[in-house]
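Let me begin by presenting the structure, written as structure tokens, before commenting on it.
Chain letters run A, B, ... following the sequence lines, proteins first and then strands; every chain starts at 1. All values below come from the heavy atoms of this structure, side chains included, with hydrogens, waters and symmetry mates left out.
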Protein chains: 2
Amino acid sequence: MNRSSSHSGGRPQPATMKDVARVAGVALKTVSRVVNDEPGVSPPVRKKVKAVIAELGYRRNDNARVLRIGTTHSIGFICEDLGEPFVSQLIRAIESVSIENSSMLIVAATGGDLEREQEAVRALASRQVDGLIIAPTAHEQPYLGRELGNGLPVVFVDRPSLHHQVDAVLTDNHAGAQMATRQLLQYGHRRIAFFSNADQLFTQVERIDGYRQALSAEGAPFDEALVCSASGNPGATLASLQKMLALAEPVTAAITGDSLCTYALLRAFKAVGRHLPLIGFDDFPLADLLEPGISVIEQNPFDIGRVATQLLFRRIAGDTSPPQTIKLGTRLIQRGSGEVGLPINS
Amino acid sequence: MNRSSSHSGGRPQPATMKDVARVAGVALKTVSRVVNDEPGVSPPVRKKVKAVIAELGYRRNDNARVLRIGTTHSIGFICEDLGEPFVSQLIRAIESVSIENSSMLIVAATGGDLEREQEAVRALASRQVDGLIIAPTAHEQPYLGRELGNGLPVVFVDRPSLHHQVDAVLTDNHAGAQMATRQLLQYGHRRIAFFSNADQLFTQVERIDGYRQALSAEGAPFDEALVCSASGNPGATLASLQKMLALAEPVTAAITGDSLCTYALLRAFKAVGRHLPLIGFDDFPLADLLEPGISVIEQNPFDIGRVATQLLFRRIAGDTSPPQTIKLGTRLIQRGSGEVGLPINS
DNA sequence: CCATTCGCTGACAACGTTGTACGTTTTAAA
DNA sequence: TTTAAAACGTACAACGTTGTCAGCGAATGG
């Protein structure tokens, strides 16, 4: 059979070490030594082998290698949607740290479906990834026990695992929301709305909780009527806003749970012809160019990814200290030259 | 040695088919048949084997499988920066089509370094990916010959390969820029600037070329002084803009080469206190909420990724028709209620 | 001159899986 | 009952690589 590189139709069979050995007239193991830069091969033989390798276009088959060696030098990343800006920065960081540790990155999206999440974990585990980074969809990962039991290192990002003792790297959502709320309270606001898009989502729950806690710490009443939890939908956001403005004690400021909510609320502001002081979770491009500029609580997805991946590689290297949860701080970026602090009704 | 799942310290050895066979008291191949749902195993035996699999937490080792079967069911994606919004949508599409074809996606970033690009191709090829999607950094891929010779299917996205006969899926940058230019010309503009961020980049070259061609088709002179090619840098953009405004025949409208340029130019507008009619390449969130709304030429990175990946899987399936270049159209999104069409100097 | 070391090379088994070939038992048809 | 075929089960070799060990000649030491 033709095992050479370029000529003849069909998909040519790539050359193997055996082929190289045969053509070079040496033993298989000698080729292996040359390929892996191992000592014990005389310069002339080494040169000859290298020439044949180039001639045949030989490339080492890492799958066979893995079978022998045991480690794949690859990690997996599982999330809901690879297209989100937050995830995009996560991936960038994960890949970058991964390459530093000479590993490759396999990504998988679940679309928020728990079954696909399980399927992804199964597939990645079958491929013998050295470790897994998961931005989980749900609170529970019933399928994860087997993998953890098999010793697969796993780090959660953005959201924790509630039922497994696993490393997690999260944003300090609670503190971030508190910071935003306190800021608005400090400028005299008492009727602060919270626009969230999914009130069962961990990050959103934490943020609403921080908001709530900051309110009560300042003696401001928490009002269910000032919480909108369908803010992914622009229509629902507008309706909510109108309702809140029509209250006996109308809303005077707002916090949004993520950038989609911020977008939706900004559109609602435009629709009602009125702009309220607003602090949004997540920074977004051009936030400073809008009139007024939008203040935000900035998370740092790149850092989350970086820290998580570094932790993962420590686990892969054998670190068996107890699982830890790392919370990364947020930053309040004030924009709009004090808009946030405008007195009520201005 | 302990090959069971959970107890005992250290990293436990995962169970193998051999272990399952031994514990279940059947032959290796019988376990293989059960695992792969092949016929030829009686229900009681099948049940017994499944029970042992669950008991030992056995999981098939796909690397060994690959060695036998030959196909890894994985594809690779190589780009400059995994964090770009454009790339993010590409990945989303590629992963999605990949999963439909029961393949996983391995991603690699090059940071624009040709050597790392080569390294990534080498690594992915060594891992025996079934195919490769590349958003190339440079015009040349000197290293690619070996892989193509070895029969590795490759599809380029966003930018073509100039020296290899390879499939490519691109945006019709030329037509998009022409469309934008014609639109501005139609409203009477003759002094249209082009703000690009890298004039040697394929996409930017194409766009400038389209712009240039549309100008000359309408008898409008092309003026080197109206082209800024360092527009990634906000400072340079501002300086350019000021220079263009100070010309004897000053600029009256602008086209930007990508969203970063758009951002930079918008900031420059703000800095000089003057807003020119603008059509930007690439849509961006909130473009409609700015005052005035920003018109854009919209590309569709998701479609590019989808089409490219579908093409790749056709190649993987054995399609040997000649390499093709697919250009996807753009769409002009008009915003700002006619701002684009405002007469000069309004 | 023999014994020992050293540098180089090769034969072979193993990694975990699947395809092939061939037994053995059960079932159905003659 | 006999015969054929189906159903079930097993043994073995291969996929491409690397670790182990042994062999060989030459150089070194006594």
Side-chain angles (χ1 to χ4, degrees), chain A residues 1 3 11-50 52-53 56-73 123 125-130 150, chain B residues 1 3 11-50 52-53 56-73 123 125-130 150:
Chain A
M1 302 299 157
R3 279 180 161 275
R11 198 80 59 80
Q13 287 292 329
T16 73
M17 272 192 183
K18 211 190 236 172
D19 298 318
V20 176
R22 188 168 30 75
V23 174
V26 300
L28 192 57
K29 180 66 206 193
T30 300
V31 179
S32 172
R33 281 198 259 260
V34 172
V35 168
N36 296 300
D37 273 325
E38 285 171 22
V41 181
S42 65
V45 173
R46 195 176 288 270
K47 192 175 163 197
K48 167 69 176 164
V49 170
K50 280 190 172 165
V52 174
I53 286 176
L56 298 186
Y58 167 76
R59 168 135 311 161
R60 186 176 65 189
N61 181 332
D62 275 346
N63 279 295
R65 176 164 219 260
V66 160
L67 192 57
R68 244 342 289 233
I69 303 292
T71 172
T72 56
H73 283 289
S126 276
R127 272 153 205 267
Q128 315 288 106
V129 290
D130 299 332
N150 273 344
Chain B
M1 292 297 140
R3 277 180 164 274
R11 200 78 61 83
Q13 287 292 331
T16 71
M17 272 193 183
K18 213 191 235 170
D19 300 316
V20 175
R22 188 168 33 73
V23 174
V26 299
L28 192 58
K29 180 68 204 191
T30 301
V31 179
S32 172
R33 281 199 259 259
V34 172
V35 168
N36 296 300
D37 274 324
E38 285 172 21
V41 182
S42 65
V45 173
R46 194 175 289 269
K47 195 177 159 194
K48 168 69 177 162
V49 170
K50 280 190 174 167
V52 174
I53 287 177
L56 297 186
Y58 167 77
R59 171 135 309 162
R60 185 177 66 191
N61 182 331
D62 274 347
N63 279 295
R65 176 165 221 259
V66 161
L67 192 56
R68 240 349 283 238
I69 303 294
T71 170
T72 56
H73 283 289
S126 277
R127 273 153 203 266
Q128 315 287 108
V129 291
D130 299 332
N150 273 343

Heavy atom of residues 63-71 of chain A under 4.0 Å from DNA chain C: which residues? Leu67(A), Arg68(A)

Can you tell me the distance, in whole Å, between the [atom1] atom of [X] and the [atom2] atom of [N]?
| X | N | atom1 | atom2 | value |
| --- | --- | --- | --- | --- |
| Asp19(B) | dG16(C) | CG | P | 8 Å |
| Asp62(B) | dT18(C) | CG | C1' | 12 Å |
| Arg60(B) | dG16(C) | CZ | P | 15 Å |
| Asn61(A) | dG16(C) | CG | P | 17 Å |
| His73(B) | dT18(C) | NE2 | P | 12 Å |
| Glu38(B) | dG9(D) | CD | P | 14 Å |
| Met17(A) | dA14(C) | CE | P | 20 Å |
| Lys47(B) | dC8(D) | NZ | C1' | 19 Å |

Distance test, side-chain N/O of Thr16(B) to OP1/OP2 of dG16(C), below 4.0 Å: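 Result: no.
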
Can you confirm whether [X] sits close enough to [Y] that some side-chain heavy atom of one is under 4.5 Å from a side-chain heavy atom of the other?
| X | Y | value |
| --- | --- | --- |
| Gln128(A) | Asp62(B) | no |
| Arg65(B) | Asn36(B) | yes |
| Ser32(B) | Met17(B) | yes |
| Arg22(A) | Val52(A) | no |
| Asp19(B) | Leu56(B) | yes |

Step-by-step side-chain contact (heavy atoms from CB on, under 4.5 Å) determination, Val49(B) to Val41(B): CA-CA 10 Å; Val49(B) 170; Val41(B) 182; 5.8 Å; no

Mind listing the closest non-hydrogen atom pair of Val35(B) and Tyr58(B) along with its distance? CG2-CE2, 3.8 Å

Kindly say whether Asn63(B) contributes a backbone atom to a donor-acceptor pair with the side chain of Asn63(A) at under 3.5 angstrom? no

Report yes or no: does Asn61(A) contribute a side-chain atom to a donor-acceptor pair with the main-chain N or O of Arg127(B) at less than 3.5 Å?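 Not confirmed, Asn61(A) side chain does not pair with Arg127(B) backbone.
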
Mind checking the CZ-CG spacing from Arg33(A) to Leu28(A)? Nearest 0.5 Å is all I need.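 Arg33(A) atom CZ to Leu28(A) atom CG measures 10.5 Å (nearest 0.5 Å).
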
Nearest 0.5 Å please: distance from the CG atom of Asn150(B) over to the CD atom of Gln13(A). 10.5 Å

Atom pairs under 3.5 Å: protein N/O with N/O of nucleotides 7-10 of chain C:
| unit_1 | atom_1 | unit_2 | atom_2 | d |
| --- | --- | --- | --- | --- |
| dT9(C) | OP1 | Ser42(A) | OG | 2.9 |
| dT9(C) | OP2 | Ser42(A) | N | 2.7 |
| dG10(C) | OP2 | Ala27(A) | N | 2.7 |
| dG10(C) | OP2 | Thr30(A) | OG1 | 2.7 |
| dG10(C) | N7 | Arg33(A) | NH2 | 2.9 |
| dG10(C) | O6 | Arg33(A) | NH2 | 3.2 |

Pairing stems for DNA chain D [at least three consecutive pairs; Watson-Crick or G-U; under 3.5 angstrom]: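 When the pairs of DNA chain D are grouped into runs of at least three, the stems are C:1-30 with D:1-30.
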
